[in-house]
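Letters A, B, ... mirror the listed sequences (proteins, then strands); counts begin at 1.
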Number of protein chains: 2
Amino acid sequence: MTTSEENYLKVIYHLSQVSPKGVNTNAIAGMLETKASSVTDMLKKLSDKDLVSYQKYQGVTLTENGFLSAKMIVRKHRLWEVFLVDKLQFSWDEVHEIAEELEHIQSIALIDKLDAFLGHPDFDPHGDPIPNRQGEIKKTSKLLLSEAELNQEYHCVGVKDSSSEFLKYLDKQKIALGSVFKVIEKESFDDTLTVEINAQEKIISNKIANNLYVQ
Amino acid sequence: MTTSEENYLKVIYHLSQVSPKGVNTNAIAGMLETKASSVTDMLKKLSDKDLVSYQKYQGVTLTENGFLSAKMIVRKHRLWEVFLVDKLQFSWDEVHEIAEELEHIQSIALIDKLDAFLGHPDFDPHGDPIPNRQGEIKKTSKLLLSEAELNQEYHCVGVKDSSSEFLKYLDKQKIALGSVFKVIEKESFDDTLTVEINAQEKIISNKIANNLYVQ
DNA sequence: AGATATTTTTAGTTTTGTCTAAATTTAAAT
DNA sequence: ATTTAAATTTAGACAAAACTAAAAATATCT
């Protein structure tokens, strides 16, 4: 499989989580910063290889094959992110782009050994689950901070938006995976939250609260 | 720089060590398992980018730029090999192909951090020197086992042939980097050596002795 | 339902890196 | 010094992955 094909598969995989009954050509083009016509070309190719099932004008879904392949790419991406953060001391906002390259390295033995070296992690540095070598994903019942109940203790288990910008903001606010949250008050006017984070009171906007997963 | 361009540069770099006054088109084609006509095309492109100096029919040499770029690719290759052997427990005969892919990952920060993580190694698992980030290479005065003097103690510092086949043979013979050698006898008829290796006497063919570096 | 807008596909080009086959240059050999 | 052989380059073609512009299908709106 080429790097380009892998990138398409991965994007279709991610978009499928939001629109499971068919991913739009334009949506794929948007994610890959390419043109719709290029996407159509590639969908035909992926369809010929039985990685997606595609009917003109009707959007695209992953086949069994494509689904597994996509999860293997995600597995590689997230394992490399763990390596970069845990072993090479990168911060969590720096690793995405490098992992985008590393995820296309082919060797299966490499990934198995990397997995073992890292201690078979279940989650990447942003709290996203790492599929195992069979493609199985550990499900957790996380919820958004904006949906949290008042005066209950939660801890941060992930971020929804993992853009460098957002992650740097969290660093500045000393919010990390594992941070302890308790929502003290919810301002009904603008949904701003008053939250006790690691025993410090902070005001959290709705936008932030909508991008933090807690448990 | 594309992966293909990098592969050409690297091959020209290696071939330059043997023919410093100009590398042949055919030699490059042989190393890359491609056709001479493809090489000619690429040499023009590399020449336009001032990475090689190239005159029709006269062979090719690296420019200052090309020389440095090539050394950076070699640096990446060899650092990844150290990682694979030291951290992921690959054996020295398994790492070349994987490193061929990893050497094309772009990030400079990644290589700097990897270098630090590995403890700034000077040599890769086959005893080849790792250029530092300035492209400087630590020179050592190694010699081939076939050139070693009788009854002098040496230790193994590298291999000339790093094919999987040869490396596996060395593993079987329990010869590794650091092994202690003393040539007991040299058979003048076929240049076979009797060598004491790690306090064990062994017969070493001329072909083997011509591919082992000692010091 | 019909008109308009949006999305998607087709058709035809471009670029990169490769190839084959033919032409040219250099090297070797009688 | 020719002739022959080997190495190299040119010319033209192809596949992959992208693009533009135009055509076709679907969705939306009054």
Test side chain to side chain contact (heavy atoms under 4.5 Å, CB included) applied to Ser53(B) - qualifying residues, sequence neighbours left out: Thr61(B), Thr63(B)

Lys44(A) side chain near dT10(C) phosphate (N/O to OP1/OP2, under 4.0 Å): yes

Distance check needed: dT9(C) P versus Met42(A) CE, whole Å only. 14 Å

Rounded to whole angstrom units, what separation is found between the CG atom of Leu46(A) and the C1' atom of dA18(D)? 15 Å

Report each atom pair, protein N/O against N/O of nucleotides 21-28 of chain C, whose distance is under 3.5 angstrom.
unit_1	atom_1	unit_2	atom_2	d
dT25(C)	O4'	Tyr57(B)	OH	3.4

Give one of base, sugar-phosphate or nothing for Thr40(A), where a contact means two heavy atoms less than 4.0 Å apart. base

Could you tell me how far apart Asp41(A) (CG) and dT14(C) (P) are, to the nearest whole angstrom? 16 Å

Closest nucleotide of DNA chain D for Lys35(A) versus for Gln55(B): which of these residues is on the 5' side? Gln55(B)

For DNA chain C, which residues of residues 7-26 of chain A approach it to below 4.0 angstrom with any heavy atom? Asn24(A), Thr25(A), Asn26(A)

With a cut-off of 3.5 Å and sequence neighbours excluded, list every side-chain donor-acceptor pair involving residues 140-149 of chain B.
unit_1	atom_1	unit_2	atom_2	d
Ser146(B)	OG	Asn210(B)	OD1	2.9
Glu147(B)	OE1	Leu144(B)	N	3.0

Glu103(B) meets the side chain to side chain contact (heavy atoms under 4.5 Å, CB included) criterion, sequence neighbours left out, with Asn7(B), Lys10(B), Ile73(B), Lys76(B), His77(B), Glu100(B)

Under the ring-ring contact (aromatic ring centres under 6.0 Å, His included) test, residues paired with Phe83(A) that sit two or more places apart: Trp80(A), Phe83(B)

Please collect all salt bridge (charged side-chain N to carboxylate O under 4.0 Å, His left out) contacts where either partner lies in residues 31-41 of chain A, sequence neighbours excluded, each pair once. none

Closest of dT9(D), dT10(C), dC19(C) to the Ser38(B) side chain is dC19(C)

With sequence neighbours left out, write down each residue that passes side chain to side chain contact (heavy atoms under 4.5 Å, CB included) with Glu187(B), or none if nothing qualifies. Phe189(B), Asp190(B), Thr192(B)

By side chain to side chain contact (heavy atoms under 4.5 Å, CB included), Glu64(A) pairs with (sequence neighbours left out) none

Within 45 degrees of the axis of the six-membered ring of Phe90(B) and under 6.0 Å from its centre: does Lys113(A) put its NZ or CZ there? yes

